[in-house]
Every structure is written in C-alpha cells, then in structure tokens.
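Step one of this worksheet: look at the structure below.
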Amino acid sequence: MSTEMKPVKEGKVREIYDCGDSLVMVATDRISCFDVILNNDVRKKGTVLTQMSRFWFDMTRDILPNHMISVDVKDMPEFFRQPRFDGNSMLCRKLQMFPIECIVRGYITGSGWANYQKDGTVCGITLPEGLKESDKLPEPIYTPSTKAEIGDHDENISYEQSITHLEKYFPGKGEEYAAKLRDYTIALYKKCADYAHSRGIIIADTKFEFGLDEQGNIVLGDEMLTPDSSRFWPADGYEPGHGQPSFDKQFARDWLKANPGNDWTLPEEIVEKTIGKYLQAYELLTGEQL
C-alpha cells in the first residue's frame, strides 16, 4: 500500500503535493463561485482543466519552457496511481514563483469595462474613445496584479508598479523581470488567441503565472488557458455592445444569483450544463474528445 500523502497547499479548486524535487498539481472537481466553494462536485471538471493546460503547454514550448513533466500517473509516486488522480493530475517542476499575476486582455469586459466607462482607462492604461462592451482592443493590454493571500483580493497594479513590486523580491532585477513577464504574457496570448479563434473560441482575457527554475530561467507555471483562468466566448454569434455567453461557470453563477437561499448547492441539471460547457470548450480547442 502506498503511503498516504497530504497536500502541502490547498486552493479552492487545486491541491498541490510535494514530491521532493517535483510537485503534483491536482485539479479537483470542486467548483467555486463568488469566492465560495459550492457543495456540488462537477464531475470531470478537474480532468478538463488539467488536459487543457497540457494541450497549451505543449503548444507554447517554442515561446518559453513550462513546468509540466507529465500528466501520466505512472510517472508519479505510487500514491497517485489511484482512480481519483487519473487524468486530473500533473507532475511539475518546482519553481520560485513570481509574486504577480500576469493578466492580458484582448477584449474589454468585466472590471475592465466598468473602469473604462468611468474614465476611459483600464488599470491606468488609456484606451481609445467610443469602445463598446466586449469590443476587441486595438492591441492586447497587459494589466498585472499582485497575488493576494487567500481571502484577500488581488490588487491591480500598473506596469511601473510591477517593476517596483518585483524589485522588492529580486533586487536589481525588477525592470528586467517586469519587461520579460509582460512580453511573454503578450506573446503567449497572441499565439493562443489566434489559434483559438481559428477553432471558434474567442479568448477575451486570461492570466498566466511564471516562476524561475534553478538556473534562473523564466518558466511558465500554474495552469494555462483554462475556463477557470480565462474568459472563453463562442466566436459564433460574437457581437459587441453587451456581455457575451461564455464557456465557464456562468450557468452556475447565473443560477445562484437568481435563486437566493440556495445554500451554495446547485441542481443536477445546472451541474450537467456547466460541465457540458467545459467539455465543449475542450473539444473545440483540441479537436479531441476527453
């Protein structure tokens, strides 16, 4: 019998196990809305997230390396060779993570749209006048934020502030790292958004996380371009001027809003519709069935 292992870090959806010189990241079937973990599991959701990250990591190795070693449990410690880890687990290199979320926006929506309506800017970046909600931006914009402790909210910062923030952790390197993180973020987004568009999905925005390996190289970490870390819209029927339907937790969020007193529990049909969206996005993007 393999020794029982406990996660060293547990997020709302992910569990991270320390395997000495590597980590195993498990995407559970938990779902969180409005920063609350719901009582339902969304079956297969963790597998979709892990396999989608795998797909993008493979596609972007020409831009920079990433932390993925394997998604096959046979390559992992014996403890992970049990059904609950099969498909939803990724063996990863350990990195020293940058204390920053690298957010890129190709379209104006969400909090960006709210800010733009106030003063014509998003995260301190002045945008052209006359944009409508969900419009494509002339060029993708980089809007980093600081990583908050669990329970706090991440704070949007300007590019200049990201230099200062990184300098605190990496003296003498703040400017170099800030520029590289920005440039990698935009390069990754452009390549993947163009590909996704050719498959019928608009990636409105997303976030990446990066770290340093032992040699000091910048490496892409965490998850990549999943419906949990990005806004995916169907390209079919895309129409600026209002919010767009999305391939994510929107069904769950809408139902919770419409049904107060729900005790954070979804009806089965809403769970089915939610996983249906995740699977549809996966199949459109990868061209394969899960």
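Keep in mind it's a predicted model, so treat the numbers as computed, not measured.
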| task | Please determine, by modelled atom types, if Glu15 and Tyr17 share a side-chain donor-acceptor pair under 3.5 angstrom. | result | yes
| task | Assess the side chains of Asp72 and Ser70: does a donor N or O sit below 3.5 Å from an acceptor N or O? | result | no
| query | Would you call the rings of Tyr142 and Tyr159 parallel, tilted or perpendicular if under 30° counts as parallel and over 60° as perpendicular? | reply | perpendicular
| query | Does the side chain of Thr28 come under 3.5 Å of the side chain of Arg14 through a donor N or O and an acceptor N or O? | reply | no
| field | Pi-cation contact, Tyr107 with Arg231 (under 6.0 Å, within 45°) | value | no
| field | Contact check, side chains of Thr164 and Lys168, non-hydrogen atoms, under 4.5 Å | value | no
| field | Any residue meeting ring pair (Phe, Tyr, Trp, His ring centres under 6.0 Å) with Phe57, in chain and number order, not counting sequence neighbours | value | His67
| message | I want to check something: taking the side chain as every heavy atom from C-beta on, are Lys191 and Ile63 in contact at a cut-off of under 4.5 Å? | response | yes
| task | May I ask you to decide if the ring planes of Tyr177 and Phe98 are parallel, tilted or perpendicular, using 30° and 60° as cut-offs? | result | perpendicular
| said: What I'd like to find out is whether the side chain of His197 reaches to under 4.5 Å of the side chain of Arg199, using heavy atoms alone. | reply: no
| task | Establish, from distance only, whether the side-chain atoms of Asp228 and Thr226 form a donor-acceptor pair under 3.5 Å. | result | no
| query | Considering only heavy atoms from C-beta outward, does the side chain of Leu127 approach that of Leu137 to under 4.5 Å? | reply | yes
| message | Working note: Tyr189 + Tyr184, criterion ring-ring contact (aromatic ring centres under 6.0 Å, His included); need CA distance, chi angles, decisive distance, verdict. | response | CA-CA 8 Å; Tyr189 173 76; Tyr184 278 140; over 10 Å; no
